[in-house]
Amino acid sequence: MRRLGSVQKKIPCVFLTEVREEQSRKRECQQFQVVATDNVNPVALESNVDCALATEKLDGTCCYVTIYEGQPYLWARLDRKPNKQAVKRFKKYQHSHKSCKGFTWNVEEDFKTVPESWIPAHGVKRHNGRPLPDEHGHIPGWVPVEKDNRQYSWHSSVVDYDAGVALVLRPHAESEDMLEIATVSLADLLEQTLELIGTNVNGNPYGMGSKKHPVHVLVSHGSVRIRNPTPVDFQQLSSWFQESPEGRVEGIVWHCNDGTLVKVHRHHLGLRWPDGETSLGTRPVVINVDGTVDEYDTDSKDPFTSFSRLNGRRFSRLHDARFDP
């Protein structure tokens, strides 16, 4: 199986987009909406999107596994953003020029500080060795998830650095419909990007866990395939999202053979998300978390221990896999 592209920066829409001055369906504070047109993005056409692998776009937060202090570590997404003064200058330029093209950032003075351990994402352009912002004024990057950092407590709940493993949701090897939650070596996830999903991430669209007993897992990007993808056509995709059981997803990411990634989000098509039960949340799942049981306190509420108690259990739906007594 070929290695799928990692998500290191924002993925362009498979269709050309336009901005409409109306309330965003995705962000309450945003007074404009980015919508897709009927025209396929030339980037997608050049990369032969019709032959690409269609995968589910997951609604979580992006993560990355790479080396930190000599061992495989989970890293959280942290974009370096401009300070208030720079944002005002940027918006003023946008308003007067009706575009952000030609705006010049002062990389040394315009951006908020980030932790010393922060690294820029792959593909970020540089000038004189310094990473440059994208068209939105952000510098995509990563920060290591350390156990004592409460800001990333849900990230740290899915990794055990002593054992060198992570809690991963993935398709079951022996059944196309079945999912499994398993412990996976962090070394096997090196240089992959993944999505953290669960109880306390983005409003929990997949209905995982509960407030008292939260459940979080990592999902490798590109691992959840769209089994019967529809052609890249605005009307056909719109119908698929609304009428197909498989279409109860946030969006689609196409992995092209040349490494290019393109996507479509339901909001691009004027559709709601979430909208009732999700395709992922209603798929059956089996728990395969063993081998580390003896290493944990049996009275612990650690997620690895909790999942190990459910080892071998099968649930008819993902959102039924809970720790509740």
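Heavy-atom basis, side chains included; hydrogens, waters and symmetry copies ignored.
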### Non-hydrogen side-chain atoms of His122 and Thr66 separated by less than 4.5 Å
no

### Query
Can you say whether the rings of His265 and His267 are parallel (under 30°), tilted (30 to 60°) or perpendicular (over 60°)?
parallel

### Message
I'd like to know if Glu108 pairs up with Arg130 as an ion pair, taking the criterion as any Lys NZ or Arg NE/NH1/NH2 lying under 4.0 Å from an Asp or Glu carboxylate oxygen.
### Response
yes

#### Entry: Between CG on residue Asp50 and SG on residue Cys256, distance to nearest 0.5 Å
9.5 Å

### Query
Say you draw a straight line from CG of Leu58 to CG of Asn202; how long is it, rounded to the nearest 0.5 Å?
11.0 Å

### Query
Atom CZ in Arg248, atom CH2 in Trp240: separation rounded to 0.5 Å?
10.5 Å

### Query
So Leu280 and Val249, side-chain contact (heavy atoms from CB on, under 4.5 Å) or not? Walk me through it.
CA-CA 7 Å; Leu280 190 76; Val249 297; over 6 Å; no

### Task
Check whether the side chains of Gln192 and Ser220 place a donor and an acceptor atom closer than 3.5 Å, and report yes or no.
yes

### Query
Is there a donor-acceptor contact under 3.5 Å from the side chain of Glu250 to the main chain of Trp273?
no

## Note on the structure
d(His216 NE2, Leu196 CG) to nearest 0.5 Å is 6.0 Å

### Message
Testing the 3.5 Å rule here: is there a donor-acceptor pair between the side chains of Thr61 and Glu195?
### Response
no

### Message
Less than 4.0 angstrom from a charged side-chain N to a carboxylate O is my criterion; do Glu180 and Arg170 meet it?
### Response
yes

### Message
Once you measure the plane-to-plane angle for Trp142 and Tyr64, does it fall in the parallel (<30°), tilted (30-60°) or perpendicular (>60°) bin?
### Response
tilted

#### Entry: Arg266 side chain vs Gly247 backbone, donor-acceptor pair below 3.5 Å
yes

### Message
Once rounded to the nearest 0.5 Å, what's the spacing between atom CG of Asp275 and atom OG1 of Thr278?
### Response
11.0 Å

### Query
Can the ring centres of Phe103 and Trp105 be said to be less than 6.0 Å apart?
yes

### Task
Please check if any side-chain donor atom of His138 sits under 3.5 Å from a side-chain acceptor atom of His136, or the reverse.
no

### Query
Within a strict 4.5 Å, meaning less than it, do heavy atoms of the Val14 and Asn41 side chains meet?
no

